[in-house]
Amino acid sequence: QVFEACDEDNKGYLSREDFKVAIVMLFGYKPSKVEVDSVMSSVQPENSGILLEKFLNLMSTKKAVQLLDSETRHIFTAFDMQDRGFLTLEDFKKVFNSVSPRLSERIVVEAFREVDQDSDGHVSFKEFESAMKYGQDEVSTLYFA
């Protein structure tokens with residue numbers, strides 16, 4: 001529906017401007033020039049814009065990334081029981097003990113150290129997010145917005 005609404009003159013594709021309007025309609029923000037350039041550079045030379053199939057693939061990938069970001073924030077907030085904006089080893093121990101009580105403390109400590117990239121004894125949201133997205137880079141590079 002968004003594609004059809006944004007496909008001015010029923011051309012069968014979205015121009016650069018049409019694509020920007022579609023992003024605003026779907027996600028509520030104006031895409032950056034870099035984001036639009038990246039998408040438009042992937043358009044086949046024989047097409048004048050983004051065809052429906054390409055648009056649907058891009059939007060489903062973007063929605064998946066957006067959902068992952070939302071879930072990551074939710075999980076971090078659940079770990080951050082004292083609402084400090086960071087996680088401690090004690091936070092990790094409490095969560096892992098309630099979720100998997102048979103998991104050895106050594107494994108929990110190792111997991112915490114792995115996530116605490118700067119070894120400051122606190123896991124920031126950025127560090128947590130990085131750990132949660134580990135191995136997801138191929139999704140992020142498809143749609144980096």
Side-chain angles (χ1 to χ4, degrees), residues 1-89 91-103 107-120 122-145:
Q1 290 176 333
V2 171
F3 184 92
E4 289 174 11
C6 294
D7 179 12
E8 229 173 75
D9 304 327
N10 297 320
K11 311 177 284 302
Y13 63 86
L14 298 182
S15 68
R16 180 184 190 85
E17 290 305 311
D18 296 339
F19 176 72
K20 289 196 263 187
V21 172
I23 293 294
V24 171
M25 288 177 71
L26 285 170
F27 299 101
Y29 78 93
K30 183 180 175 192
S32 70
K33 182 180 183 326
V34 172
E35 183 176 355
V36 176
D37 287 348
S38 171
V39 171
M40 296 311 289
S41 71
S42 69
V43 171
Q44 299 296 323
E46 64 271 11
N47 300 326
S48 301
I50 302 166
L51 299 176
L52 177 60
E53 185 178 354
K54 173 85 172 173
F55 178 75
L56 292 174
N57 288 338
L58 287 168
M59 295 307 104
S60 65
T61 301
K62 181 151 182 61
K63 275 290 187 196
V65 169
Q66 189 178 50
L67 182 60
L68 178 63
D69 291 346
S70 175
E71 288 175 352
T72 301
R73 176 59 74 178
H74 183 74
I75 294 167
F76 181 84
T77 302
F79 270 61
D80 185 11
M81 295 174 204
Q82 296 180 349
D83 198 28
R84 295 173 297 210
F86 62 85
L87 307 176
T88 64
L89 177 57
D91 295 327
F92 262 59
K93 286 179 182 178
K94 285 177 188 171
V95 170
F96 280 102
N97 190 41
S98 67
V99 173
S100 184
R102 294 187 182 156
L103 197 61
I107 301 242
V108 175
V109 170
E110 285 177 19
F112 181 82
R113 286 183 182 150
E114 187 72 28
V115 177
D116 181 17
Q117 296 170 350
D118 61 6
S119 302
D120 67 352
H122 297 99
V123 172
S124 67
F125 176 72
K126 189 170 187 164
E127 289 171 320
F128 186 80
E129 182 180 43
S130 176
M132 293 292 286
K133 288 184 175 179
Y134 183 80
Q136 299 283 329
D137 289 343
E138 52 279 359
V139 172
S140 299
T141 56
L142 286 174
Y143 210 96
F144 57 88

K.L.:
Under the salt bridge (charged side-chain N to carboxylate O under 4.0 Å, His left out) test, which residues partner K30, sequence neighbours left out?
P.N.:
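Salt bridge (charged side-chain N to carboxylate O under 4.0 Å, His left out) check on K30 returns nothing, list empty.
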K.L.:
Roughly how far, to the nearest 0.5 Å, is CG of N97 from CZ of R102?
P.N.:
12.0 Å
K.L.:
Write down the atom of G12, the atom of L51, and the distance for their closest heavy-atom approach.
P.N.:
O-CD2, 3.5 Å
K.L.:
Check K94 against M81 and note the closest heavy-atom contact, atom names and distance.
P.N.:
CB-CE, 3.9 Å
K.L.:
Checking side chain to side chain contact (heavy atoms under 4.5 Å, CB included) for the pair K62/L26: CA distance, chi angles, key distance, verdict?
P.N.:
CA-CA 10 Å; K62 181 151 182 61; L26 285 170; over 6 Å; no
K.L.:
Apply the test side chain to side chain contact (heavy atoms under 4.5 Å, CB included) to residues D69 and E129: give CA-CA distance (whole Å), side-chain angles for both, the deciding distance (0.1 Å), then the verdict.
P.N.:
CA-CA 8 Å; D69 291 346; E129 182 180 43; 4.0 Å; yes
K.L.:
Restricting to pairs with a member in residues 77-86, which pass side chain to side chain donor-acceptor pair (under 3.5 Å), not counting sequence neighbours?
P.N.:
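Qualifying pairs: Q82-R84, R84-D91.
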K.L.:
Does any N or O in the side chain of D118 come within less than 3.5 Å of the main-chain N or O of D120, such that one atom is a donor and the other an acceptor?
P.N.:
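Side chain of D118 to backbone of D120: a pair is present.
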K.L.:
For E17, is there an ion pair with K20 - N to carboxylate O distance below 4.0 angstrom?
P.N.:
yes
K.L.:
Checking S60 side chain against L56 main chain: does a donor-acceptor pair fall under 3.5 Å?
P.N.:
yes
K.L.:
Taking all atoms of both residues into account, what is the closest heavy-atom pair of L87 and F112, and its distance?
P.N.:
O-CE1, 3.8 Å
K.L.:
Check whether any side-chain heavy atom of D37 sits under 4.5 Å from a side-chain heavy atom of R16, and report yes or no.
P.N.:
yes
K.L.:
Determine whether Q66 and K63 make a side-chain contact, defined as any pair of heavy atoms from C-beta on separated by less than 4.5 Å.
P.N.:
yes
K.L.:
Could you state the interatomic distance from CZ (F19) to CD (E35), rounded to the nearest 0.5 Å?
P.N.:
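If we round to the nearest 0.5 Å, F19:CZ and E35:CD are 6.0 Å apart.
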K.L.:
Looking at every non-hydrogen atom in both residues, tell me the closest pair between L14 and A22 and how far apart they are.
P.N.:
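L14 and A22 have their closest heavy atoms at CD1-CB, 4.2 Å.
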K.L.:
Step through the shown structure and confirm whether more than 12 heavy atoms of other residues, nucleotides or ligands are within 6.0 Å of CD on E114.
P.N.:
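Not buried by this count: 12 neighbours or fewer within 6.0 Å.
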K.L.:
First locate atom CZ of R73, then atom CZ of F128, and finally report the distance between them rounded to the nearest 0.5 Å.
P.N.:
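Answer rounded to 0.5 Å: 10.0 Å.
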K.L.:
How far apart are the closest heavy atoms of S15 and M40, and which atoms are they?
P.N.:
C-CE, 4.2 Å
K.L.:
Drop me the distance from E71's CD to M132's CE, to the nearest 0.5 angstrom.
P.N.:
8.0 Å
K.L.:
Working to the nearest 0.5 Å, report the span between CD of E53 and CZ of F3.
P.N.:
11.0 Å
K.L.:
So does F96 get a backbone contact from the side chain of S100, meaning a donor-acceptor N/O pair under 3.5 Å?
P.N.:
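No, S100 side chain to F96 backbone: no donor-acceptor pair under 3.5 Å.
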K.L.:
Can you name the nearest heavy-atom pair linking Y13 to D7, along with the distance?
P.N.:
O-OD1, 3.0 Å
K.L.:
What do the steps show when you test M59 against I23 for side chain to side chain contact (heavy atoms under 4.5 Å, CB included), and what is the final call?
P.N.:
CA-CA 9 Å; M59 295 307 104; I23 293 294; 3.7 Å; yes
K.L.:
According to ring-ring contact (aromatic ring centres under 6.0 Å, His included), who are the partners of F125, at least two apart in sequence or on a separate chain?
P.N.:
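Residues passing ring-ring contact (aromatic ring centres under 6.0 Å, His included) with F125: F76.
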